[in-house]
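Following: one structure in structure tokens, then a few remarks.
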Amino acid sequence: MYQVIGTTRSRTLRVIWMLEELNLPYTHTPAAPQSDVAQKANPSGKVPILIDGNHTITDSVAIVTYLADRHGALTYPAGTIERAHQDSITHLILDEVDAALWSASRHSNYLPSSLHYADMRETVKWDLDRAEQRLIHQLGDHPFLMGEQITIPDILLTHCGGWPMTQKMPFRHTVLRNYFRRMRNRPAYQKMLGTLSSDA
């Protein structure tokens, strides 16, 4: 059984959702970043952390990729052109959505006010607008980013999809809002929410 360490107010949510999509058993320890529990498993204190037997894996994207590859689901096989396209979408999400929103969050919530950039929000809005157009084009008329099959990028993008609301910069286009609604209505996503509610 897998062990997941990390509060669900972090990228740990991606890992738990992936495990639910794969219908795999796991235990969850909702430890905060830099907590004693997190630092014992990962010297950096960062979460999420996945423990698989004697092996510890960190970084949410590395973890969900490992799980998908190991169990042969929510991914295309390594070395295929489909996997190359899937990985390119993954990096688009990480570089132009996740990174932009994290920068905005750091300036709003973590960095000293003396380090805030006055035009940071406008820069992030510009980045998100460009990313939105590319993602809408990628979706086209399909239910998922890679077409008819849910893959890793769908989990990453949907997790990021709620972040702009906290920064008062929500995604504007109906196509993406409808996509997020479909993804959050998936049985595995709903089961995850129920599991987390019962653990609270």
Side-chain angles (χ1 to χ4, degrees), residues 2 4 6 10-26 46-53 55-103 124-164 171-192:
Y2 294 110
V4 181
S10 70
R11 293 174 177 87
T12 304
L13 197 70
R14 301 170 177 179
V15 176
I16 295 175
W17 183 10
M18 172 65 82
L19 288 163
E20 292 291 355
E21 289 284 351
L22 297 173
N23 197 29
L24 295 170
Y26 64 92
K46 292 183 178 180
V47 297
I49 302 159
L50 180 77
I51 299 177
D52 180 10
H55 302 285
T56 300
I57 306 168
T58 60
D59 182 87
S60 65
V61 179
I63 294 169
V64 297
T65 301
Y66 168 72
L67 291 170
D69 284 339
R70 183 177 184 192
H71 297 281
L74 277 75
T75 188
Y76 287 91
T80 63
I81 192 64
E82 291 85 0
R83 178 60 172 267
H85 289 310
Q86 175 188 309
D87 288 345
S88 72
I89 300 168
T90 294
H91 287 287
L92 163 64
I93 294 165
L94 296 179
D95 294 343
E96 300 186 28
V97 180
D98 188 311
L101 290 168
W102 173 234
S103 292
V124 171
K125 286 180 183 179
W126 187 84
D127 285 335
L128 288 179
D129 283 343
R130 285 167 51 89
E132 265 192 290
Q133 295 301 324
R134 293 182 63 183
L135 291 166
I136 289 168
H137 177 76
Q138 179 66 36
L139 275 169
D141 296 326
H142 301 293
F144 304 110
L145 289 167
M146 284 296 293
E148 303 304 313
Q149 171 181 324
I150 182 176
T151 54
I152 292 167
D154 293 297
I155 286 182
L156 302 180
L157 179 59
T158 303
H159 179 242
C160 289
W163 295 0
F171 287 112
R172 297 181 301 167
H173 295 277
T174 302
V175 170
L176 277 182
R177 292 202 300 269
N178 289 341
Y179 163 79
F180 292 138
R181 189 176 301 112
R182 289 196 308 273
M183 293 297 296
R184 291 172 184 142
N185 282 333
R186 288 182 63 80
Y189 189 93
Q190 291 298 313
K191 183 180 178 184
M192 173 191 68

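Reckoned from all heavy atoms, side chains included, excluding hydrogens, waters and symmetry mates. This chain uses plain numbering: 1 for the first residue, then up along the sequence.
- Ion pairing between R186 and E21 holds under the 4.0 Å rule for side-chain N and carboxylate O.
- In this structure, H173 and L135 have side chains that are not in contact, with every pair of non-hydrogen atoms separated by 4.5 Å or more.
- Atom CZ of R130 has 12 or fewer neighbouring heavy atoms from other residues, nucleotides or ligands inside a 6.0 Å radius.
- The CD atom of Q138 lies 13.5 Å from the CD atom of Q133; values are rounded to the nearest 0.5 Å.
- Distance check: H85 NE2 to Y76 OH gives 10.5 Å after rounding to the nearest 0.5 Å.
- Checking each of I63, I51, V15, I49 against V4 for a side chain to side chain contact (heavy atoms under 4.5 Å, CB included) leaves exactly one that passes, namely V15.
- The line from CG of L74 to CD of Q86 is 8.5 Å long, rounded to the nearest 0.5 Å.
- Scanning both residues, I93 and P153, for their nearest heavy atoms gives CD1-O, 3.4 Å.
- L50 and Y2 get closest at one heavy-atom pair: CD1-CB, 3.8 Å.
- Minimum interatomic distance between C160 and V97 (heavy atoms only, all atoms of both residues): CB-CG1, 3.9 Å.
- Of the possible polar contacts, none joining the E96 side chain to the L128 backbone as a donor-acceptor pair under 3.5 Å is found.
- Interatomic distance, OG1 of T158 versus CZ of R184, reported as 6.5 Å (0.5 Å rounding).
- Closest non-hydrogen pair, M146 versus Q149, comes out as CB-O, 4.2 Å.
- The two residues H159 and L13 come nearest to each other via the heavy atoms CD2-CD2, 3.7 Å.
- N178 and R181 share a side-chain donor-acceptor pair at under 3.5 Å.
- Enclosure of atom CZ in R182 by more than 12 non-hydrogen atoms of other residues, nucleotides or ligands within 6.0 angstrom is indicated.
- Note that CH2 of W17 is 15.0 Å distant from NZ of K191, once rounded to the nearest 0.5 Å.
- Just one residue in the list D98, D154, D59 forms a salt bridge (charged side-chain N to carboxylate O under 4.0 Å, His left out) with R14, and that residue is D98.
- Between T58 and K46, every side-chain heavy-atom pair lies at or beyond the 4.5 Å cut-off.
- Residues T151 and F144 fail the side-chain proximity criterion, which asks for heavy atoms closer than 4.5 Å.
- Across A68 and M18, no two heavy atoms sit closer than the pair CB-CE, 4.2 Å.
- No more than 12 heavy atoms of other residues, nucleotides or ligands shown are found within 6.0 angstrom of CG on N23.
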* Apply side-chain contact (heavy atoms from CB on, under 4.5 Å) to V64 and R11, showing your working. => CA-CA 11 Å; V64 297; R11 293 174 177 87; over 6 Å; no
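- For the atom pair L176 CG and L157 CG, the distance stands at 6.5 Å (nearest 0.5 Å).
- Side-chain contact between Y179 and L145: present, with at least one pair of heavy atoms (C-beta onward) separated by less than 4.5 Å.
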